[in-house]
Amino acid sequence: MTPGSRKVAVVGVALSDCGRVDDATPYALHAQAARRALADAGLGREVVDGFASAGLGTLAPVEVAEYLGLRPTWVDSTSVGGATWEVMAAHAADAIAAGHAKAVLLVYGSTARADIRAGRRTGNLSFGSRGPLQFEVPYGHTLIAKYAMAARRHMLEHGTTIEQLAEVAVQARANAALNPEAMFRDPITVDDVLSGPMIADPFTKLHCCIRSDGGAAVLLAAEELVRDCRTAPVWVLGAGEHVSHSAMSEWPDFTTGPAAVSGRLAFERAGVRPEEIDFAEIYDAFTYMTLVTLEDLGFCEKGEGGAFVEKGRLLVRGGELPVNTDGGGLSAQHPGMRGLFLLVEAVRQLRGEGGERQVRGPDGPGELPRLAVASATGGWFCSSGTLVLGRD
């Protein structure tokens with residue numbers, strides 16, 4: 001088989017213990033997720049010759065690879081916020097297709113919640129004040145304020161309402177209710193969202209992601225390894241990545257995120273259209289991220305996201321386009337750079353492992369979904385990575 005001609009599949013996915021994990025280190029969560037992903041695939045760690053990780057250690061991913069007992073010949077430490085893992089997965093797929101690696105393991109783990117609880121750190125409101133950020137931080141422009149300002153712009157330009165944004169949180173919680181691994185499962189209403197404490201206008205508490213502990217791992221492999229795996233392959237059909245801005249003053253349009261580019265590239269390279277997608281996993285640190293990314297990916301026209309999310313369209317049960325089927329970062333778990341969790345959930349759904357929250361395919365009950373998109377955003381709409389995944 002000539003280099004560059006190999007197909008690439010996700011053959012193993014797993015989560016570590018998630019939610020409230022007070023007795024583990026981030027390294028331990030990395031290891032737990034990695035072991036589970038390899039077991040899911042039915043492969044030993046000796047097949048892993050590529051490794052990608054970010055967010056932990058002085059020399060990531062060197063320190064994490066050492067902790068896991070790996071000596072990879074292909075590595076990636078790309079760090080672009082929450083979109084890191086979709087971008088890494090795209091890089092890994094390219095490397096495998098080109099013959100530079102045969103099996104690449106992506107791993108993440110964080111004790112963000114436990115660290116704050118134990119006083120090992122405080123809640124960070126910004127990413128520092130160096131570089132371009134020095135011109136924004138003195139004015140109190142925190143991370144959440146950047147998203148809140150973008151949401152306000154969408155409301156001004158397109159008439160999006162706060163009730164429509166609240167619907168995103170309500171439907172995410174309804175999906176989480178079907179997920180035994182979700183951190184918050186009790187139903188909420190639009191009124192619950194609107195009446196919560198204000199965090200950054202217009203976002204109340206339930207417009208914002210939860211803070212949890214947890215880790216995830218994804219194993220990608222060349223097609224010749226698929227026959228040795230215990231799981232059905234989920235193929236990487238297309239991928240796209242894009243960086244937009246760092247300083248808010250350099251963002252041309254607050255109502256359009258970088259997924260508008262990464263999504264277009266992913267769909268073009270996969271040879272599919274948005275209307276063919278059965279479900280979507282979208283990064284949702286805030287409700288506005290879900291809404292605007294749905295527009296950017298082409299599931300509705302620009303400015304129509306508010307109307308699109310109404311009437312239960314995002315629900316696993318009865319929704320036209322199930323979104324964040326595990327409950328997302330708003331309800332399931334959000335230990336930091338959550339993009340890898342999107343890939344885990346997408347693969348589980350395509351393999352029919354969703355349990356009560358299993359999405360059905362286009363041919364009706366009993367049929368599994370065929371196509372999924374996972375799209376993550378990093379920073380404050382600074383970056384995006386989008387993957388189109390499909391099963392045989």
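Treat the numbers as computed from the prediction; the structure is a model and nothing was measured. No hydrogens, no waters, no symmetry mates; every other heavy atom, side chains included, goes into these values.
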Spell out, as yes or no, whether a donor-acceptor pair under 3.5 Å connects the side chain of [X] to the backbone of [Y].
{"X": "Arg357", "Y": "Val316", "value": "no"}
{"X": "Gln349", "Y": "Val359", "value": "yes"}
{"X": "Glu63", "Y": "Gly57", "value": "no"}
{"X": "Ser53", "Y": "Pro61", "value": "no"}
{"X": "Asp284", "Y": "Met289", "value": "no"}
{"X": "Gln164", "Y": "Glu310", "value": "no"}
{"X": "Glu276", "Y": "Arg273", "value": "yes"}
{"X": "Arg370", "Y": "Gly390", "value": "no"}
{"X": "Ser212", "Y": "His334", "value": "yes"}
{"X": "Asn175", "Y": "Pro322", "value": "no"}

So which heavy atom on [X] is nearest to which on [Y], and how close?
{"X": "Pro26", "Y": "Thr111", "answer": "CG-OG1, 3.4 Å"}
{"X": "Trp85", "Y": "Ala54", "answer": "CH2-N, 3.6 Å"}
{"X": "Val190", "Y": "Val170", "answer": "N-CG2, 3.5 Å"}
{"X": "Ser246", "Y": "Trp380", "answer": "O-NE1, 2.6 Å"}
{"X": "Leu38", "Y": "Gly44", "answer": "CD2-O, 4.1 Å"}
{"X": "Leu178", "Y": "Pro180", "answer": "O-CD, 3.5 Å"}

Item to complete: Starting from the C-alpha separation in whole Å, work towards a yes-or-no answer on side chain to side chain donor-acceptor pair (under 3.5 Å) for Arg153 and Thr255.
Response: CA-CA 7 Å; Arg153 189 66 195 179; Thr255 70; over 6 Å; no
_Could you go through Lys146 and Glu136, starting from their C-alpha distance and side-chain angles, then the distance that decides it, and tell me whether this counts as side-chain contact (heavy atoms from CB on, under 4.5 Å)?_
CA-CA 10 Å; Lys146 299 174 191 290; Glu136 298 178 353; 2.3 Å; yes
Do [X] and [Y] come close enough that some side-chain heavy atom pair is under 4.5 Å?
{"X": "Phe51", "Y": "Val107", "result": "yes"}
{"X": "Phe299", "Y": "Val323", "result": "no"}
{"X": "Val47", "Y": "Asp228", "result": "no"}
{"X": "Gln333", "Y": "Phe341", "result": "yes"}
{"X": "Cys229", "Y": "Leu43", "result": "yes"}
{"X": "His245", "Y": "Cys382", "result": "yes"}
{"X": "Phe267", "Y": "Ile277", "result": "yes"}
{"X": "Arg230", "Y": "Asp40", "result": "yes"}

Atom pair [atom1]/[atom2] of [X] and [Y] - distance to nearest 0.5 Å:
{"X": "Leu29", "Y": "Tyr27", "atom1": "CG", "atom2": "OH", "value": "12.5 Å"}
{"X": "Glu345", "Y": "Arg338", "atom1": "CD", "atom2": "CZ", "value": "8.5 Å"}
{"X": "His91", "Y": "Leu106", "atom1": "NE2", "atom2": "CG", "value": "11.0 Å"}
{"X": "Glu367", "Y": "Arg360", "atom1": "CD", "atom2": "CZ", "value": "9.5 Å"}
{"X": "Trp235", "Y": "Leu389", "atom1": "CH2", "atom2": "CG", "value": "12.0 Å"}
{"X": "Asp213", "Y": "Asp115", "atom1": "CG", "atom2": "CG", "value": "7.5 Å"}

message: Checking Thr256 against Val292 for the side-chain contact (heavy atoms from CB on, under 4.5 Å) test, could you report, in this order, the C-alpha distance in whole Å, the side-chain angles of both residues, the deciding distance, and whether it holds?
response: CA-CA 7 Å; Thr256 299; Val292 78; 5.9 Å; no
Do [X] and [Y] sit in one hydrophobic cluster, given that two such residues count as connected whenever their side-chain heavy atoms are within less than 4.5 Å of each other, even indirectly?
{"X": "Leu225", "Y": "Val11", "value": "no"}
{"X": "Phe308", "Y": "Leu330", "value": "yes"}
{"X": "Met183", "Y": "Tyr283", "value": "no"}
{"X": "Val87", "Y": "Val373", "value": "no"}
{"X": "Trp251", "Y": "Leu291", "value": "yes"}

Got a sec: does the CD of Glu301 have more than 12 other heavy atoms crowding it under 6.0 Å?
->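 No, not enclosed.
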Do Asp191 and Thr189 meet the criterion of a side-chain donor-acceptor pair at a distance under 3.5 Å?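 Side-chain D/A pair, Asp191 to Thr189: absent.
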Assess whether side-chain contact (heavy atoms from CB on, under 4.5 Å) is satisfied between Arg348 and Leu15, documenting all intermediate values. CA-CA 11 Å; Arg348 286 177 169 178; Leu15 301 182; 4.0 Å; yes
- Can Thr231 and Val347 be said to form a side-chain contact (heavy atoms from CB on, under 4.5 Å), step by step? CA-CA 11 Å; Thr231 55; Val347 170; over 6 Å; no
Task: Test log, rule salt bridge (Lys or Arg N to Asp or Glu O under 4.0 Å), inputs Arg36 and Asp17 - done: CA-CA 11 Å; Arg36 290 176 179 178; Asp17 294 345; 3.0 Å; yes
Would Arg317 and Glu356 count as a salt bridge (Lys or Arg N to Asp or Glu O under 4.0 Å) here? Give the steps.
CA-CA 9 Å; Arg317 291 182 176 172; Glu356 284 191 75; 3.4 Å; yes
Apply salt bridge (Lys or Arg N to Asp or Glu O under 4.0 Å) to the pair Arg313 and Glu320, showing each step before the final yes or no.
-> CA-CA 5 Å; Arg313 280 193 172 96; Glu320 296 175 25; 3.3 Å; yes
Given the options Thr293, Asp296, Thr386, Ser375 meets side chain to side chain donor-acceptor pair (under 3.5 Å) only with Thr386
Ring centroids only, cut at 6.0 angstrom: are His141 and Phe135 within range, meaning strictly under it?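 Judged by ring-centre distance (under 6.0 Å), His141 and Phe135 do not meet the cut-off.
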Are the aromatic rings of Tyr288 and His154 close, with centres under 6.0 Å apart? yes
Next on the checklist: Does Arg211 qualify as a cation-pi partner of Phe184, given the criterion of NZ or CZ under 6.0 Å from the six-membered ring centre and within 45 degrees of its axis?
Outcome noted: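 No - Arg211 does not lie over the ring of Phe184 by the 6.0 Å and 45° rule.
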- Salt bridge check: are Asp22 and Arg113 linked by an N-O gap of less than 4.0 Å? yes
| query | In terms of ring plane angle, is the pair Phe286 and Phe203 parallel, tilted or perpendicular, where the classes change at 30° and 60°? | reply | parallel
_Stepwise side chain to side chain donor-acceptor pair (under 3.5 Å) check, Glu241 with Ser383_ = CA-CA 8 Å; Glu241 56 195 86; Ser383 63; over 6 Å; no
